[in-house]
Amino acid sequence: MSIGIAQQLGPSEGLGPIGLHVRKIIEERIVTNVFRPGERLSENDLAELLGVSRQPIREALIRLTEAGLVRVMPQRATIVTRISVARVNSARFLRAAVERAVVREAALQAKPHHIAQMRALIREQTTAIREGDHARFLALDDDLHRAFAVSMAHEGVWRTLQNVKLQMDRVRYLSLPDATPASRLIRQHAAIVDAIAARDPDAAEAMMQKHLEELLSSLPRLVARLPEYFDSSDVA
């Protein structure tokens, strides 16, 4: 069934509103593994599914190629890339470096209403896990990390990380629901917020480092369980 994006957003295509929306939808389906690593994507099928012409589909796929999510083989097919283990590790390293700095600043600048919002998001995460809604839990995880950046007046830092973290996000969704126990992640989130509230930048930074290292423990298990989804050829 067509989603009817063209009817929702009007006649603009390419890099306009439709093109950007199309890219977001396809990107989300790759990241959440609706479109699996190695799967072939057809411009015609995607255009029919989303209710648009092939032009915004083509533009979206070009951008997703640049992000490393698809590989276009001219005159043949567009394939969802396998998850690069090297890219995941590099993204985790870069994200850790940035987010350690973010929470250090948050511990110095966050206002009471920022901290209250962080705690509310953690409570929502607890509810999501109680209800078995793991996808909601991950969405709230992003909201919380964005809140850290907002609290030190640099939401743009979080936006900058979005392309960087795409490969990490693929692993996060692929590992549901048997990744790192959510209860452990929630405790780590609470510890980060407690350190921010206590104006302790060293503790906030140390806990953020530990929190983002959790991916390292789940990644090898996923590679062993689903080797066809991963590309380990560029790992030394």
Side-chain angles (χ1 to χ4, degrees), residues 31-32 83 85-131 133-222:
V31 168
T32 59
I83 301 170
V85 174
R87 283 195 179 197
V88 171
N89 286 328
S90 294
R92 189 211 60 81
F93 178 84
L94 180 57
R95 183 178 173 187
V98 172
E99 292 214 67
R100 288 199 313 266
V102 164
V103 294
R104 283 195 70 87
E105 289 298 313
L108 300 174
Q109 298 185 34
K111 302 294 190 297
H113 71 274
H114 293 133
I115 295 168
Q117 181 189 22
M118 295 171 193
R119 296 198 192 283
L121 288 168
I122 293 173
R123 288 195 297 271
E124 288 187 54
Q125 282 194 305
T126 301
T127 299
I129 291 305
R130 186 183 305 120
E131 295 174 351
D133 192 343
H134 298 281
R136 174 68 175 155
F137 173 84
L138 289 184
L140 288 164
D141 182 88
D142 281 347
D143 289 343
L144 179 60
H145 283 261
R146 183 186 299 109
F148 295 146
V150 169
S151 73
M152 40 85 77
H154 281 298
E155 185 176 4
V157 171
W158 176 252
R159 288 196 297 269
T160 300
L161 286 176
Q162 295 312 293
N163 275 344
V164 171
K165 65 190 279 292
L166 286 174
Q167 299 295 341
M168 289 181 66
D169 287 345
R170 296 177 77 186
V171 174
R172 291 166 71 211
Y173 279 93
L174 191 63
S175 64
L176 291 176
D178 58 348
T180 301
S183 58
R184 184 188 307 168
L185 298 178
I186 289 173
R187 287 195 301 271
Q188 291 170 356
H189 285 158
I192 293 169
V193 176
D194 286 346
I196 291 172
R199 302 299 185 211
D200 189 340
D202 290 338
E205 179 180 1
M207 183 51 65
M208 177 60 78
Q209 177 68 31
K210 181 177 181 180
H211 177 60
L212 292 177
E213 283 176 353
E214 290 292 348
L215 181 70
L216 297 179
S217 63
S218 63
L219 182 57
R221 295 196 300 271
L222 283 171

Work out which heavy atom in Ala110 is nearest to a heavy atom in Ile196; give both atom names and the distance.
-> CB-CG2, 3.7 Å
Would you say the side-chain atoms of Gln125 pair up with the backbone N or O of Phe137, donor to acceptor, closer than 3.5 Å?
-> yes
Here the gap from Leu166 atom CG to Leu161 atom CG, rounded to the nearest 0.5 Å, amounts to 10.5 Å
Side chains of Asn89 and Leu219: does their closest heavy-atom pair fall under 4.5 Å?
-> yes
Are the side chains of Arg172 and Asp142 in touch, meaning some heavy atoms are under 4.5 Å apart?
-> yes
Just list the side-chain donor-acceptor pairs under 3.5 Å for residues 115-123, sequence neighbours left out, or say none.
residue, atom, partner, partner atom, Å
Arg119, NH1, Asp194, OD1, 2.9
Arg119, NH2, Asp194, OD1, 3.4

Would you give the length of the straight line joining atom CE of Met207 to atom CG of Asp202, rounded to the nearest 0.5 angstrom?
-> 13.0 Å
Just do the side-chain hydrogen bond (donor to acceptor under 3.5 Å, both in side chains) check on Glu205 and Gln209 with the steps written out, would you?
-> CA-CA 6 Å; Glu205 179 180 1; Gln209 177 68 31; over 6 Å; no
Shortest non-hydrogen contact from Glu213 toward Arg92 | CG-NH1, 4.0 Å
So do Asp143 and Glu124 actually touch side chain to side chain, heavy atoms under 4.5 Å?
-> no
Measure the acute angle between the ring planes of His189 and His145, then classify it against the limits of 30° and 60° as parallel, tilted or perpendicular.
-> perpendicular
If every non-hydrogen atom of Arg100 is compared with every non-hydrogen atom of Met208, which pair is closest and at what distance?
-> N-CG, 4.1 Å
Indicate yes or no: at least one non-hydrogen side-chain atom of Asp141 is less than 4.5 angstrom from one of Leu185.
-> no
Could you check if a side-chain atom of Ile129 sits within less than 4.5 angstrom of a side-chain atom of Ser183, using non-hydrogen atoms only?
-> no
Gap between atom CD of Gln188 and atom CD of Glu214 - 0.5 Å precision | 4.5 Å
Taking side chain as C-beta onward, heavy atoms only, is Val31 less than 4.5 Å from Gln167?
-> no
CE-CG distance between Met152 and Leu108, expressed to the nearest 0.5 angstrom = 9.5 Å
Does some side-chain heavy atom of Ile83 sit less than 4.5 Å from a side-chain heavy atom of Leu174?
-> yes
Rounded to the nearest 0.5 Å, how far apart are CG of Leu140 and CZ of Arg136?
-> 4.0 Å
If you take all heavy atoms of Ala195 and Ala204, which pair is closest and at what distance?
-> CB-N, 3.4 Å
Nearest heavy-atom approach of Ala106 to Ser151 is CB-OG, 3.3 Å
Flag the pair Phe148 / His114 as yes when at least one side-chain heavy-atom distance between them is below 4.5 Å, and no otherwise.
-> no
Quick one: does Glu105's side chain have a donor or acceptor within less than 3.5 Å of a partner on Ala101's backbone?
-> no
Counterpart residues, ring-ring contact (aromatic ring centres under 6.0 Å, His included), relative to His154 (two or more places apart) | none
